[in-house]
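Structure record follows, encoded as structure tokens.
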Amino acid sequence: MVKVNSCVFISGAGTNLKALIGSSRNYNFPIQIKLVISNKKNAPGLAFAKKYSIPFMIINVKDSLFEVKILNEIRKKNINLICLAGYMKVLSKTFIKNFKGKIINIHPSLLPKYKGTNTFERMLENNESLAGCTVHYVNEKLDSGKIILRKSFQISKNETLKSLKIKTQKTEYKAFSEAITKLHIKN
Ligand code: GRF
């Protein structure tokens with residue numbers, strides 16, 4: 001199968017990257033990861049790129065040309081899908097315009113509820129009964145692009161921040177790959 005050339009952006013642990021690498025190693029999964037980009041030089045998630053010999057790029061967001069450098073690399077590798085997996089920087093409008101409909105993100109809540117950060121704290125404070133994650137297209141507004149897929153689970157009575165995070169992330173690993181199989185993208 002011809003797989004779509006993809007790039008994963010991370011900033012931290014990279015456990016979603018790990019799950020995506022796992023899926024992409026299956027013959028029938030529609031993407032191959034050609035590049036990993038991190039805005040943190042010590043992001044633990046880079047270990048997964050190294051382990052699986054995936055080229056990676058560390059970017060310095062203080063460099064005014066950093067997005068131009070990313071765009072050049074992405075064009076060179078003919079990347080047609082960008083997966084944001086815990087990338088904690090907001091991409092510029094110009095960058096998003098350049099890749100319209102080709103950037104997706106995973107968010108730890110059932111959007112449109114709980115956009116932004118500290119989702120788990122806010123959910124528990126509000127005594128929500130359902131938690132989950134959302135995979136969505138990225139547009140110019142934070143966590144507001146078209147939803148591709150949501151996966152939910154019940155919040156238990158004795159839920160803690162830690163248990164909620166663990167359950168959500170487990171849900172994310174499935175949701176991200178499942179969402180990618182639903183996309184209509186080509187090289
Ligand atoms: C995930 O929970 C994702 O929803 C959020 O950032 C977290 C990244 O975790 N956007 P990891 O780096 O993939 O472990």
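Counting convention: from 1, in listed order, for ligands and their atoms alike.
Using a 4.0 Å cut-off between heavy atoms, Met88 makes no contact with ligand 1 at all. Only side-chain heavy atoms of Gln169 come within less than 4.0 Å of ligand 1; its backbone N, CA, C and O stay farther off.
Taking every heavy atom of Gly86 and a limit of under 4.0 angstrom, the matching atoms of ligand 1 come to 6 (O), 8 (C), 10 (N).
At a 3.5 angstrom cut-off on N or O pairs, Asn16 counts as close to ligand 1.
By the neighbour-count criterion of 12 heavy atoms within 6.0 Å, atom NZ of Lys3 is densely surrounded, having more than that number from other residues, nucleotides or ligands.
A donor-acceptor contact closer than 3.5 angstrom is absent between the side chains of Lys89 and Ser11. Inspection of the Thr181 and Glu178 side chains reveals no N or O donor paired with an N or O acceptor under 3.5 Å. Side-chain contact check for Thr119 and Ser109: no donor-acceptor pair (N or O, by modelled atom type) lies under 3.5 Å.
Across the listed options Glu172, Lys165, Lys18, Glu172 owns the non-hydrogen atom lying nearest to atom 2 (O) of ligand 1. Nearest to atom 5 (C) of ligand 1 by heavy atom, out of Ala19, Ala43, Gly14, Pro108, is Pro108.
Nearest protein neighbour of atom 14 (O) of ligand 1, counting heavy atoms only, is Thr15 OG1, 2.4 Å. Given atom 10 (N) of ligand 1, the protein heavy atom at minimum distance is Ile106 O, 3.1 Å.
Taking all atoms of both residues into account, the shortest heavy-atom contact from Leu17 to Ala85 is N-CB, 4.4 Å. Across every non-hydrogen atom of His136 and Ser144, the tightest pair is CE1-N, 4.3 Å.
Paired with Tyr87 under the rule side chain to side chain contact (heavy atoms under 4.5 Å, CB included), one option of Ile10, Asn105, Ile82, Asn39 passes, and it is Asn39.
For the pair Ile10 and ligand 1, no heavy-atom separation below 4.0 Å is found.
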